[in-house]
2 protein chains.
Amino acid sequence: MNTPPSMVRLTTQRQILLEELSKVNTHPTACELYKMVQKRLPRIGLGTVYRNLEIMVDSGIILKLELGGEQKRFDATTEPHYHVRCTVCGKMDDVTLQVQEEITKKAAEKTSYKIIGHLLEFTGECPDCQKAQAAKTKEADTA
Amino acid sequence: MNTPPSMVRLTTQRQILLEELSKVNTHPTACELYKMVQKRLPRIGLGTVYRNLEIMVDSGIILKLELGGEQKRFDATTEPHYHVRCTVCGKMDDVTLQVQEEITKKAAEKTSYKIIGHLLEFTGECPDCQKAQAAKTKEADTA
DNA sequence: TTTAAATAGGATAGTAAGTATCATTTATAA
DNA sequence: TTATAAATGATACTTACTATCCTATTTAAA
């Protein structure tokens, strides 16, 4: 068993990436994070962002949210919790709802799969999009 | 209010696509469906598959599963139900678990989003991958 | 029943998110 | 100090999916 001379270095890029991700609770996409980090490290490459996010996911520092939507999103909170996704703008937020452990057991009884866990995502309309929608409706009424 | 001269035709391609999708319960990807349909319609284009799947989703005939994983999957059963995804091979199956309506209400109390519904996906290892894993472990032991 | 309009199909080009490659730089260890 | 490993940034590539375009088919009108 030869341990390879491998160790995850806390480079400036990784540190700033993690700082920026921890700063927000909207679970940004890789591209959004790239833009955020670019303000502090203008020469950073998009590849570095993707690479380091993946490394941090693998080492359990952050979570990758792979549910609905086109793009993957990232989350600095690693404790299991649920999310809402806005069906209009795609934004994601946390839902501070007790994680349902028992549902995993129930599912395990119903299938021949070896169940590991579950992902729960709520869908809805975010406050901003609700407002925008209301404004639009009002506009149509007066027209 | 001018209704456009639009109506969804039940073409051969659409019919066969729907038949093939209804035949299986593994929720195939567009690409998998393409291969399935190709056996009966060798000249069909991949674009036609994507286009018609989208049309059928829009008209509510089938469901698009946009949860975890790289690709979207399709489901001929439109009643709300849950799924398991194999974390090894990506295969998806149904979980015949009672849909938790009350969880949506609970979530609505915890967020400023206007909650519409929820998506629940279990993760685990499918029987085939469990077997393959077991065989691999055994091989390593004897080596 | 021919003709016109709408719709659909197949081929192909284009997008966009994400991944792989590679030369260069930076950090660590001998 | 030097050798080795690892990380970076630039760029090329892959893949799932979408848009475009021209042809074919279906439907409706004359």
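The sequence lines fix the lettering, A, B, ..., with proteins before strands; numbering per chain opens at 1. Side chains included, hydrogens not; waters and symmetry mates left out as well; all remaining heavy atoms used.
Rounded to an integer number of Å, the gap from CD1 of Ile16(A) to C1' of dG9(D) is 15 Å. Note: CG (Leu46(A)) to P (dC13(D)) measures 18 Å, nearest angstrom. The interatomic distance linking Asn52(B) (CG) with dA19(D) (P) rounds to 15 Å, in whole Å. For the pair Gln71(A) CD and dT15(C) P, the computed distance is 17 Å after rounding to whole Å.
Residue contacts for Arg43(B): at a heavy-atom cut-off of 4.0 Å it reaches the sugar-phosphate backbone alone, with no base atom in range. Within the nucleic acid shown, Ile44(A) comes within 4.0 Å of sugar-phosphate atoms alone, with no base atom in reach, counting heavy atoms only. Residue Thr48(A) is classed as a base contact, given a heavy-atom separation below 4.0 Å to a base.
Using bins of under 30°, 30° to 60° and over 60° for the plane-to-plane angle, the ring pair His81(B)/His27(B) lands in the tilted bin.
Counting atom types as modelled, Arg9(B) pairs no side-chain N or O with a base atom of dG9(C) as donor and acceptor under 3.5 Å. Residue Arg14(B) places no side-chain atom within donor-acceptor reach of the base of dG9(C), judged by atom type and a 3.5 Å distance cut-off alone.
Regarding contacts with the backbone of dT8(D), a side-chain N or O of Thr11(A) is found under 4.0 angstrom from either OP1 or OP2. Regarding contacts with the backbone of dA7(D), every side-chain N or O of Arg51(A) stays at 4.0 angstrom or more from both OP1 and OP2. Between Gln13(A) and dG9(D) there is a side-chain polar atom (N or O) within less than 4.0 angstrom of OP1 or OP2. At the phosphate of dT18(D), neither OP1 nor OP2 sits under 4.0 Å from any side-chain N or O atom of Tyr50(B).
Checking Glu121(A), His118(A), Gln98(A) one by one against Tyr82(A), the side chain to side chain donor-acceptor pair (under 3.5 Å) holds for a single residue, His118(A). The side chain to side chain contact (heavy atoms under 4.5 Å, CB included) with His83(A) is formed by just one residue from the set Leu120(A), Asp94(A), Val95(A); it is Asp94(A). A side chain to side chain contact (heavy atoms under 4.5 Å, CB included) with Ile62(A) holds for exactly one of Asp75(A), Ile55(A), Leu21(A); it is Leu21(A).
Summary of the strand contacts: Ala30(B) and Thr12(B) both lie near DNA chain D, and taking for each the nucleotide with the nearest heavy atom, the more 5' one is attributed to Ala30(B).
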